[in-house]
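So the structure is just underneath, and the comments pick up after that.
Convention: sequence-line order gives letters A, B, ...; per-chain numbering from 1.
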There are 2 protein chains.
Amino acid sequence: MSTNGPVSRHTRQKDAVLQQLRECEDFVSAQELHRRLESAGSGIGLATVYRRLNALAQSGSADTVRLDGQQMFRICEDSRHHHHLICENCGKTVEIEPPDEDWLRKIASAHGFTMSSHTVEVFGLCGECQKKLGK
Amino acid sequence: MSTNGPVSRHTRQKDAVLQQLRECEDFVSAQELHRRLESAGSGIGLATVYRRLNALAQSGSADTVRLDGQQMFRICEDSRHHHHLICENCGKTVEIEPPDEDWLRKIASAHGFTMSSHTVEVFGLCGECQKKLGK
DNA sequence: TTTGCTGCAAACCTTTTGCACCTAT
DNA sequence: ATAGGTGCAAAAGGTTTGCAGCAAA
């Protein structure tokens, strides 16, 4: 028996997407990443960017968040579980570490559920944007 | 001074959407709700369903969650803040009450953020689906 | 040589919008 | 009569997919 899938090939496009994603501080959309790749001179199809990004997200190498009607991606170097604090204005992101996730599991099992995943996302304004927007 | 917006009118369509939404145990998509309204004999435009659902969500009368690439809505009778435990297989939903949300605010301000909103969503399998899927 | 990957464009889907008409108030 | 609400169809996005050609292994 072999549960191995097809062998993955190494391509210029894969590298480019990964590298460009690594240069992003915060979450970027596929469209935006594609735009940056273009202006960086890497001619890569939008479809490929989507395919790569989805693959990265699925394998856990990238985090994703939905914001403004689009999926945002971010490289995830350490695969430890973490959550996000996201500025609604500029997109600045900080990873946060919930002090205790046990209660989630407890709550789940209290309702007869098994917990396979969960998300904690905090939205707000970062310091700079608070000033900028005069709030 | 009057911050009052335009006066809201009472219509057959508003009633129908609200009533149909009330009959849903769990989250439904706009499309699905529209489908149900149709088979219930209420001829209501899809656009109107979207407009109503969005209005309800904005006013806090409905919760929303994003699942499977679409926005899901659920009537929210008590407007207290709460979160969800969602079965990934059948969509069954349970409202959960986080024991302490103060740490979220603390974490936010520790990073210079103001917190405007947050989401906690727990995904897993409910008891029935665990058996059904033989997990 | 094989076959996974890519690019392109078309297809998809959900959601939003413009606008003329309808109808509570 | 006034103006908010509705329906329809078109438009708008973002994202996926079919397929022929390209290029790793």
Side-chain angles (χ1 to χ4, degrees), chain A residues 2-21 24 26-59 61-74 86 91, chain B residues 2-21 24 27-59 61-74 91:
Chain A
S2 164
T3 38
N4 290 354
V7 180
S8 173
R9 282 181 192 174
H10 181 195
T11 67
R12 174 181 70 84
Q13 291 87 337
K14 284 185 181 177
D15 283 349
V17 169
L18 192 54
Q19 185 199 315
Q20 193 65 233
L21 190 59
C24 300
D26 302 315
F27 284 94
V28 266
S29 65
Q31 310 266 356
E32 174 62 21
L33 197 78
H34 177 243
R35 223 169 288 134
R36 293 188 192 179
L37 282 166
E38 276 192 325
S39 45
S42 310
I44 294 187
L46 179 57
T48 299
V49 174
Y50 272 103
R51 284 189 275 238
R52 278 307 96 217
L53 249 24
N54 284 336
L56 289 172
Q58 190 153 38
S59 72
S61 303
D63 290 329
T64 76
V65 163
R66 190 154 198 104
L67 194 57
D68 264 348
Q70 41 178 59
Q71 205 71 32
M72 309 288 283
F73 300 82
R74 187 186 202 235
I86 305 164
Chain B
S2 165
T3 38
N4 290 356
V7 180
S8 173
R9 285 181 191 173
H10 181 196
T11 66
R12 173 181 71 85
Q13 290 87 337
K14 284 185 182 178
D15 283 348
V17 168
L18 192 54
Q19 183 200 315
Q20 193 65 233
L21 190 59
C24 301
F27 285 93
V28 266
S29 65
Q31 309 268 356
E32 173 63 22
L33 197 77
H34 178 244
R35 223 168 291 134
R36 294 188 191 178
L37 281 166
E38 276 192 326
S39 45
S42 310
I44 294 187
L46 178 58
T48 298
V49 174
Y50 272 104
R51 283 189 276 240
R52 279 306 95 218
L53 248 23
N54 284 338
L56 290 172
Q58 190 153 37
S59 72
S61 303
D63 289 330
T64 75
V65 163
R66 189 149 200 109
L67 195 56
D68 264 347
Q70 42 178 59
Q71 205 71 32
M72 309 289 282
F73 300 82
R74 186 186 203 233

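Whole-Å rounding puts the A/Lys14 NZ to D/dC22 P distance at 20 Å. Atom CG in B/Leu56 sits roughly 13 Å away from atom P in D/dG5 (whole-Å rounding). Atom CZ of B/Phe73 is separated from atom P of C/dT14 by 13 Å (rounded to the nearest Å). What separates NE2 of B/His34 from C1' of D/dG7 is a distance of 10 Å, to the nearest Å. Atom-to-atom, CD of A/Glu32 to P of D/dT15 comes out at 13 Å; the value is rounded to the nearest Å. For the pair B/Met72 CE and C/dT14 P, the computed distance is 11 Å after rounding to whole Å. Rounding to whole angstrom units, CG of residue B/Leu46 and P of D/dA11 are separated by 17 Å. B/Leu18 places its CG atom 15 Å from the P atom of D/dG5, with the value rounded to the nearest Å.
In terms of phosphate contacts, B/Tyr50 brings no side-chain nitrogen or oxygen within less than 4.0 Å of OP1 or OP2 of C/dT16. Residue A/Arg66 places no side-chain N or O under 4.0 Å from the OP1 or OP2 atom of D/dG14. Neither OP1 nor OP2 of C/dC22 sits under 4.0 Å from any side-chain N or O of B/Gln13. Residue A/Thr11 has no polar side-chain atom (N or O) positioned under 4.0 Å from OP1 or OP2 of C/dC5. For A/Asn54, no side-chain nitrogen or oxygen approaches OP1 or OP2 of D/dT15 to under 4.0 Å.
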Residue pair A/Phe27, A/Thr64: steps toward the side-chain contact (heavy atoms from CB on, under 4.5 Å) verdict: CA-CA 8 Å; A/Phe27 284 94; A/Thr64 76; 5.5 Å; no
Full working for side-chain contact (heavy atoms from CB on, under 4.5 Å) between A/Lys14 and A/Ser8: CA-CA 11 Å; A/Lys14 284 185 181 177; A/Ser8 173; 2.8 Å; yes
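Comparing A/Ala47 and B/Arg35, the nucleotide of DNA chain C nearest to each residue sits closer to the 5' end for A/Ala47. Along DNA chain C, the nucleotide nearest B/Arg12 and the nucleotide nearest A/Thr48 are compared for position; the residue whose nucleotide lies closer to the 5' end is A/Thr48.
Taking only distance into account, the side chain of A/Arg51 never meets the base of C/dG4 through a donor-acceptor pair shorter than 3.5 Å. Contact annotation: side chain of A/Arg9 to base of C/dT3, donor-acceptor pair present below 3.5 Å.
Applying the salt bridge (Lys or Arg N to Asp or Glu O under 4.0 Å) test to A/Arg51 and every residue at least two apart in sequence or in another chain returns nothing.
Annotation for B/Ser29 and B/Gln70: closest pair CB-NE2, 2.8 Å, computed over non-hydrogen atoms.
Closest to the B/Arg52 side chain, of the nucleotides D/dT15, C/dT25, D/dT6, is D/dT6. Listed candidates were D/dA25, C/dT15, D/dG5. Nearest to the side chain of B/Gln31 is C/dT15.
Using a 4.0 Å heavy-atom criterion, one finds that A/Ser8 contacts the sugar-phosphate atoms exclusively.
Ion pairing between B/Glu32 and B/Arg35 holds under the 4.0 Å rule for side-chain N and carboxylate O.
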